[in-house]
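Structure first, then comments.
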Amino acid sequence: MHHPGPPQFMAVGESVQLAPRDPDPEADYSWHVRSAPVASSLEFDDDAVVQFDPDAAGTYILELQAPDGTHELTIRVFPGDYLPAGSLRSGTSGMSGYSGYSGQSGSGRPTQFSGGASGSGSGAGEATRGEGGRPRIRLDASVEDDVVVVRADPQPNPNSTTDRDDLVVEFLVDDRDDIEESAVETEGWELRVPLSAIGDKLRVHAVALDETYSVPDSVTVSREALPDGGVAEAESKSATDGSGLSVSRPNDPPEWAQHVTLYEIYVRGYASDDDEADNTFEALEKRLDYLEDLGVDCLWLTPVLQNDHAPHGYNIVDFYSIAEDLGTREDYEQFIEAAHDHGMKVLFDLVLNHSARDHPFFEDAYKNPDSEYYDWYEWQDSGEPGTYFDWEFIANFDHRNLDVRRYLLDAVDMWADLVDGFRCDMAWAVPDTFWQELRERVKSKDPEFLLLDETIPYIADFHDGMFDMHFDTTLYFTLRQVGGGHAPAERILDAIDQRTEVGFPDHASFMLYLENHDETRYIVECGDAAAKAAAGALFTLPGVPMVYGGQEIGQQGRRDALAWDHARDDVREHYERLIEVRNETPALNSQGAFRRIDYDCDSDQVVAFVRDSEEGSYLCLLNFGDGVETVDIGSLDVEATDIISGDSVAAEGGLTVDDVTVCPLA
């Protein structure tokens, strides 16, 4: 099926790239406007991939003519004053908008966002129609009296003065499900469709409206497939509701991913020559016992594909072959199998924005407009390829080319079959609808496949059918500012609250990190005391902690070979205990609730907060300064035993904290 995908919500002033899915580069495709608002004069050329730039508010129905028939796509366009602050589609996603900035090879970090005031690098800002910010929405579905009922739970932005009851919800039924319009009834926050009108699937999408529109959410109702290719009747058994239908929420992250500790391995620096292995993957395999003892259970390896010999591996010359200096594909598969045997998931570092300039397709196309690969790349007027940050060794793909899309999708299929998820490099630089296609593609085979985006600043819209988990760039920058003494520790709480303020839905998941292969080691920049407190932040704040290989042994070089012979036992033991405590304490996990409390301390380098779950609540104290501080927590009833050290932290006037203290509430 070449259908272009789910219906879209957007505002005038935003732009989205539309393309046939699973394309055949040899086939003919063309787009047409079937219906549009009266004020629109929009038309398309007969291209397979088009940029949709709405010129009026209202509902557009587009047609894609493809070899297997004509497919419809509904796009709901809101007036321009509904444009969300920091909108993905009014920015530079999939475009060479950052050309000219300096940056680091193998990084997706626009360097102009680092540093600055708390919250920089966040995408935060004032909504166009006021200061309220984006609302949020969640969809759920059930079957009642032979009718599917989809209920929306909209929530105003924390900064909005709008009453929740005044929020408006707009629904769209997926065009691919061929549901008769007359069968769909909407009233307020509910949508209803009779079972008799539903084939094998019903997919419903919706946004909440306030001063702007929310990140959309989706819910899917499916019949059980039968061996003969048909679908089960409503009375057959159901996974969820007893009606013969199963209900799923496709934007929810995989359950397993909420509970892991991630660990990044910089593949060409992690294993040492002392490991006496025939190849890098075998050397990494020898480290799995150590990693299991440490407590990590999900490994992100930097790129393992054939590249231009830059050690980071992000400049790829062959998207289908393992780098020869690391080992063979068989060696790589053996490593994955061994990791699985140790109870660990493996993430593949996926690069879809560019190839290396050493890629044979680029070499053929460079300064050669007659090359069959010339249209695979973006080109500047100078004859040089499109790129970011003046990177001189890469060339941006042109995703408007069906050959490019086919080439990348085939590579996605190959590697997705081997691993448990993708860490997606420079996600902001690839068209968002391509990510939506990729997501549905991999999730159709494995619903538990993890998609993690590297997007700096983070973008709330990336939780609209694209990614499960997001780099928490705001918390990263804030921890750096606090650790360097440039901001009070309480700013950490603001960073957590900011997720909701910029419009991320409550079901979004975040990866917490202090450093990675692109950044100076935290311990070097901020010192020992702050590094131990920041480690405590990773394992007590809501989110999924990530440790960069060497972080847990006090490594000082960013990409140097790990100094295993000089590993600091005190740092490793600190991390081992933090991982263990998080694993044993449901309140500290991703789904534990987070709340502020009143507290008082002489040092502004100390912060206090509470994590709650049904199994219990815990007070968390972090101290980024040198020495021990006493924190007055007022009337909060706490058992004064730190579950990390096992020691009493009771003191006159409150509780003590050296770097991190976690105490149960009484």
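Because the structure is a prediction, the values reported are computed rather than measured.
- Screening Trp300, Tyr263, Phe471 for a side-chain contact (heavy atoms from CB on, under 4.5 Å) involving Met546 leaves a single residue, Trp300.
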Exercise for review: For side chain to side chain donor-acceptor pair (under 3.5 Å), just list the numbers for His340 and Asp420, CA-CA rounded to whole Å, side-chain angles, deciding distance to a tenth of an Å, and then say yes or no.
Suggested key: CA-CA 10 Å; His340 288 165; Asp420 305 290; 2.7 Å; yes
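- By the 4.5 Å heavy-atom criterion applied to side chains, His470 and Ile459 are not counted as neighbours.
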Exercise for review: Evaluate the criterion salt bridge (charged side-chain N to carboxylate O under 4.0 Å, His left out) for residue pair Glu190 and Arg151; output intermediate values, then yes/no.
Suggested key: CA-CA 5 Å; Glu190 288 188 5; Arg151 291 186 173 89; 3.0 Å; yes
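- At least one donor-acceptor pair under 3.5 Å links the side chain of His463 to the backbone N or O of Asn251.
- For the pair Gln555 (side chain) and Ala561 (backbone), a donor-acceptor distance under 3.5 Å is present.
- Tyr513 and Glu264 are not linked by any side-chain donor-acceptor pair at a separation below 3.5 angstrom, with hydrogens and angles left out of the test.
- Remark: the backbone N or O of Asp217 is not paired with any side-chain donor or acceptor of Arg249 at under 3.5 angstrom.
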Exercise for review: Could you walk me through whether Tyr458 and Asp453 pass side chain to side chain contact (heavy atoms under 4.5 Å, CB included), step by step?
Suggested key: CA-CA 9 Å; Tyr458 58 25; Asp453 68 14; 5.9 Å; no
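- At a threshold of 4.0 Å, the pair Asp658-Lys532 does not count as salt-bridged, since none of the basic side-chain nitrogens sits closer than that to a carboxylate oxygen.
- The number of heavy-atom neighbours closer than 6.0 Å to CD of Glu584, taken from other residues, nucleotides and ligands shown, is above 12.
- Taking a 6.0 Å sphere around CG of Asp140, one finds it holds more than 12 heavy atoms contributed by other residues, nucleotides or ligands.
- Side-chain atoms of Arg568 and Asp528, non-hydrogen and from C-beta on, do get closer than 4.5 Å to each other.
- Counting non-hydrogen atoms of neighbouring residues, nucleotides and ligands closer than 6.0 angstrom, the CG atom of Asp598 reaches no more than 12 such neighbours.
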Exercise for review: Could you go through the salt bridge (charged side-chain N to carboxylate O under 4.0 Å, His left out) check for Asp494 and Arg596 one step at a time?
Suggested key: CA-CA 10 Å; Asp494 298 336; Arg596 295 175 182 251; 2.7 Å; yes
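- No side-chain heavy atom of Met466 sits under 4.5 Å from any side-chain heavy atom of Cys424.
- Between Asp153 and Arg164 there is a salt bridge, with a side-chain nitrogen of the basic residue lying less than 4.0 Å from a carboxylate oxygen of the acidic one.
- Considering only residues two or more places apart in sequence or on other chains, Asp626 meets the side chain to side chain contact (heavy atoms under 4.5 Å, CB included) condition with Ala529.
- In terms of modelled atom types and a separation under 3.5 Å, the side chain of Arg559 and the main chain of His517 share a donor-acceptor contact.
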Point to revise | side chain to side chain donor-acceptor pair (under 3.5 Å) evaluation trace for Glu519 with Tyr548 | key: CA-CA 10 Å; Glu519 311 294 351; Tyr548 176 42; over 6 Å; no
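- Residues Gln155 and Thr500 fail the side-chain proximity criterion, which asks for heavy atoms closer than 4.5 Å.
- With a 6.0 Å cutoff to the six-membered ring centre and a 45° limit on the axis angle, Arg134 counts as a cation-pi contact of Tyr213.
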